[in-house]
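So you know, we letter chains A, B, ... as the sequences are listed, proteins then strands, and number each from 1.
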Amino acid sequence: MIALLAVGAVTLGTLGLGTWGVRFARTTSDLLVASRAVTPWWNAAAISGEYLSAASFLGIAGLEMQIGASALWQSLGFTAGYLALLLFVAAPLRRYGSYTIPDFAEARLNSPAIRLLAAAIVLVIGGFYLVPQLKGAGLALNVVIGSPYWVGVAVVAVIVAINVAIGGMRGITYVQAFQFWLKLFAIAVPIIVLLIHFGGLPERAALFGDAYPHAGRTGLTISPGPAQRAQFPTAGTFRVGDRTVHVAAGATVTLPANVAIHIPPDGIVPVAHGTTPLRGHAWARPVGGTGQGAPLLVYSLLVATFLGTMGLPHVLVRFYTNPDGHAARRTTVRVLGLLSLFYLFPALYGAFGRALAPQLYTTGQTDDVVLVLPHVAWPGAGGTILTAVTCAGAFAAFLSTSSGLLVSLAGTLSHDVWPRVRPRQAVPSGVASRRRHFRTAAAGAMVIPALIALVARQVDISILVGWAFAIAASTFCPMFLLGIWWTRLTARGAAAGMIVGMLLATSAIFVGLALGEPTNGALALLQQPAIASVPVAFLTMVAVSLTDRHRVKDADAQMLALHAPEGLGLRLADGEAEGALI
Amino acid sequence: MSPTPPARRRLPSLRTPVRVPGRRTGLRSPREELAEATAHGQVYLRRLQRAQFGLALLALVAFGAVFGVLPIALYLLPTLDRHQLVGIPLSLWILVVPMLPVFVAIGWLYARRADALDDAFRDLVER
């Protein structure tokens, strides 16, 4: 009940602030006017607020529980991505003055066709990124009010679509900044209270020793939903009603639907089919402890996150609230600091979950750990209040990230794709018609991700987000890096590289899915293909550009626009820029 | 993106008009060179761009030296998993705690140097 109140308050507060604030920021241009008063700290909090999604809030801890400490590379990669952005992209892109990735691609490469390609890739990346947000919403609402999974997905999809369509949340720096502090509070406070309550990490044997996850001193009651198969890593027993079942080591049993089972005190906890049972020391190894922790896979994940962050459609637009290139750099450094602070905490939830909420291994719902941990670990009022806090934080994460994503997707659909598909109606006449297009697009762009989220319940949030990063790193990252630093990049080269990177990354992911998500050996790379697809995309882009005779004619003026510092009167003024660059 | 495509932000043009058409003789300042995109102007800008790129690569190398080798180092040194500090394996400490400040430090140093390069260019052009 208290969790429902907290979630409701966060949702209404966010929507209310957004709708109320939107009067002051009706268009993106207004946002830019306001931006001069926005300090780098506010900006950095806003970027972090929009960035920290279900993957950060729920996914990392869930994956850590499931595959062990090697999941923590993800939080490092998510942060390090802003270092890549700082080093190679932030200041030049701010100086260049394009608002979206398709804008940049078209202007820099002098080619309207590449705008459509970039827009298509934005839709794919944004769609992949929306799915895990909705999945998280489904799980969270299930924890809060016990509703079926699909209800949460549908509710958040509808709320976000309506919110974006009526113009809430759009580019309002202060709302997003507030969201960051809310999320930091919601993830930090409960786990710190639990640490104090338990006086440190509990059950170290299961965490770092020889033990598998096991029931506590009072035993453990597990209520699985549908009937499912679970494996006992060592010989154990469980009780259903009055009947006691003995299971041999390594045997798999089918647990009945909707019947609670009871594990005796200190008994071994069965692990859902598809999850590998891990002893503590294997679980705690950051590299090489499990199949998913193989060094090659860790590096592939790091490549995807390090290089993929710059290609996320909802991140880029935030950089234009910086008044100039210097401010863009200062903001990015602060983002690194704020994200570093946040990512200290999810690791603790994974560890606590393994020690104190092992029933999640049986149900397979490890993505729930941040939500349910406090009240499982600490029955009573304290745990209930803390669970309300984490649930509210999770909702803040879904709302802010999916609103930001949907704004980008709807903008891309109505601004980039629609005019090309229907050239006759290309120029929307008047603000009203443009706004109608945008609204239709906002509703439409939500449909496919919501449908995918409904069928993707069994795929871990972190895995889904990893795909979005892998695709972004294989397409937009080479386009940005070469476009900003290399005069010879041509439109054909960029198009070829992005298409090759896109096809490689997506086909690897889908083949991996078709093979049932292999987790061991070279085949596991299909799940995280960045280490192969990114270099191939780069090489294709360079090779095709070098053999292309259609060079970008004004490459020198482009470099001036990207790299010359502001305030010298060197940079082209608006009218000239339009003429020269587009 | 918003439904109304935003206008490009007008960048303040602080000083005299940029273009000096038809001027062929006499000493020209770097500003005029750049504005006219002459060969010399290109040299100035390319020098700045190279310096910025070199700096970014240097920061990337520093990042790679600290963080990039970490996975393979932890893989090859399983002893770090066995030794514990306050009951938690050393490898986990190394993974979670010191890396994040390292990112911030590299970013901060880089941003300071990059701004300094921009300022040097500004001095050159305003001279």
Side-chain angles (χ1 to χ4, degrees), chain A residues 27-29 32 69 72 76 79-80 83 86-88 97 99-100 170 200-201 204 208 281 284-288 295 298-299 326 329-330 332-333 336-337 340 343-344 347 407-408 411-412 414-415 431 434-435 437-438 485 556-557 559-560 563-571 573-574 577-578, chain B residues 1-18 31 34-35 37 42 45-46 48-49 52-53 56 59-60 63 67-68 71-72 74-75 78 81 84 86-89 91-92 94-97 99-101 103-104 106-108 110-111 114-115 118-119 121-122 125-126:
Chain A
T27 65
T28 314
S29 321
L32 286 170
L72 299 180
L76 292 168
T79 314
L83 192 64
L86 169 69
L87 298 186
F88 296 105
Y99 285 94
T100 65
R170 185 190 313 133
L201 285 178
R204 294 239 175 77
F208 313 123
H281 53 76
R285 281 199 73 182
V287 193
V298 169
Y299 277 111
H326 286 254
R329 287 193 192 116
R330 286 209 300 276
T332 318
V333 175
L336 280 169
S340 298
Y343 282 125
L344 288 175
V407 169
S408 306
T412 301
S414 66
H415 181 63
V431 176
R434 269 204 297 258
R435 194 160 287 159
H437 272 176
F438 181 81
W485 297 101
D556 291 328
M559 289 295 139
L560 187 73
H563 296 288
E566 294 90 348
L568 288 172
L570 292 170
R571 310 172 55 79
D574 293 2
E578 295 286 332
Chain B
M1 266 310 301
S2 74
T4 35
R8 272 165 199 274
R9 200 165 88 82
R10 180 166 283 277
L11 294 155
S13 168
L14 283 186
R15 308 223 163 172
T16 49
V18 177
R31 168 198 297 279
L34 262 172
Q42 284 312 311
L45 186 71
R46 205 160 288 156
L48 171 70
Q49 195 190 325
Q52 290 286 15
F53 192 62
L60 186 69
F63 168 78
F67 183 64
I72 200 75
L74 291 180
Y75 183 67
D81 296 318
Q84 296 196 340
V86 209
I88 295 172
S91 53
L92 281 181
I94 297 174
L95 181 62
V96 177
V97 179
M99 280 305 133
L100 297 167
F103 295 168
V104 179
I106 293 176
W108 185 71
Y110 163 80
D115 285 350
D118 279 351
D119 288 342
F121 180 79
R122 199 169 273 142
V125 174
E126 282 184 336

### Residue part contacting chain A, namely of B:Leu95, when any heavy atom lies under 4.5 Å
both
### Task
Measure up the B:Phe53 and A:Trp485 rings against each other and bin them: parallel (under 30°), tilted (30 to 60°), perpendicular (over 60°).
tilted
### Task
Quick one: which of B:Ile94, B:Val96, B:Leu92 has the most heavy-atom pairs under 4.5 Å with chain A, could you say?
B:Leu92
## Note on the structure
Here the gap from B:Arg122 atom CZ to B:Asp115 atom CG, rounded to the nearest 0.5 Å, amounts to 8.5 Å
### Summary
Most contact-rich option vs chain B, by heavy-atom pairs under 4.5 angstrom, among A:Gly337, A:Gly200, A:Ala69, A:Ala80, is A:Ala80
### Task
Give me the ring orientation class for B:Phe103 and B:Phe67: parallel if the planes are under 30° apart, tilted from 30 to 60°, perpendicular past 60°.
perpendicular
## Note on the structure
Residue from A:Arg285, A:Met559, A:Arg330 scoring the most non-hydrogen pairs under 4.5 Å with chain B is A:Arg285
### Message
Within a 6.0 Å radius of atom OH on B:Tyr75, are there more than 12 heavy atoms belonging to other residues, nucleotides or ligands?
### Response
no
### Message
Could you tell me if the side chain of A:Leu83 sits less than 4.5 Å from the side chain of A:Thr332, heavy atoms only?
### Response
no
### Query
What part of A:Leu201 lies closer than 4.5 angstrom to a heavy atom of chain B: side chain, backbone, both or neither?
side chain
